[in-house]
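A short write-up of the structure that comes next.
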Amino acid sequence: MFGLSELAIILVVVIAVLAIKKGPELTRAAGKSTRILKAEARAAKEGRPTPQVIQGEVVEPRDTAEAKAQGPDTH
């Protein structure tokens, strides 16, 4: 049937195909992570507090025609 060398070659080919498809996405994510880590390390070194992530909610804008009909938005 299959020997160890044939299975190794098949595994290498499968990994190469997957790397071609996902490679740019993975390297982009790794670069972004590296920039974030460098910025936080630099902020900690300078004694500044590290940036905090604030969770929020997405608010959809009202339709402009509907907003004009209702008048100015007063809170």
Side-chain angles (χ1 to χ4, degrees):
M1 191 127 178
F2 285 116
L4 188 59
S5 61
E6 287 88 3
L7 288 176
I9 291 172
I10 292 171
L11 182 64
V12 167
V13 170
V14 168
I15 290 173
V17 168
L18 292 176
I20 289 171
K21 289 183 180 180
K22 294 289 183 173
E25 180 181 328
L26 292 174
T27 54
R28 194 175 303 117
K32 187 175 182 180
S33 298
T34 303
R35 283 191 300 275
I36 291 170
L37 288 173
K38 282 183 179 180
E40 289 188 7
R42 196 176 311 122
K45 188 176 181 181
E46 293 174 358
R48 293 183 289 149
T50 57
Q52 299 294 319
V53 176
I54 300 173
Q55 296 296 327
E57 63 182 55
V58 176
V59 179
E60 295 295 327
R62 294 190 303 182
D63 186 35
T64 55
E66 179 183 322
K68 287 179 184 177
Q70 289 181 357
D73 193 16
T74 57
H75 288 321

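None of the values given here were measured: they were computed from a predicted structure. Scope of the values below: all heavy atoms of this structure, side chains included, with no hydrogens, waters or symmetry mates.
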>> Looking at Glu40 and Leu37, would you say the former's side chain and the latter's main chain have a donor-acceptor pair under 3.5 Å?
In response: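 Checking the backbone N and O of Leu37 against the side chain of Glu40, no donor-acceptor pair under 3.5 Å is found.
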> For Val14, which residues count as a side-chain contact (heavy atoms from CB on, under 4.5 Å) partner, sequence neighbours excluded?
Replying inline: Ile10, Leu18
> Of all residues at least two apart in sequence or in a different chain, which pass the side-chain contact (heavy atoms from CB on, under 4.5 Å) check with Glu46?
Replying inline: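 With sequence neighbours excluded, Glu46 shows a side-chain contact (heavy atoms from CB on, under 4.5 Å) to Arg42, Arg48, given in chain and number order.
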> Looking at CG of Leu4 and CD1 of Ile9, how far apart are the two atoms once the value is rounded to the nearest 0.5 Å?
Replying inline: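 Leu4 CG to Ile9 CD1: 10.0 Å, rounded to 0.5 Å.
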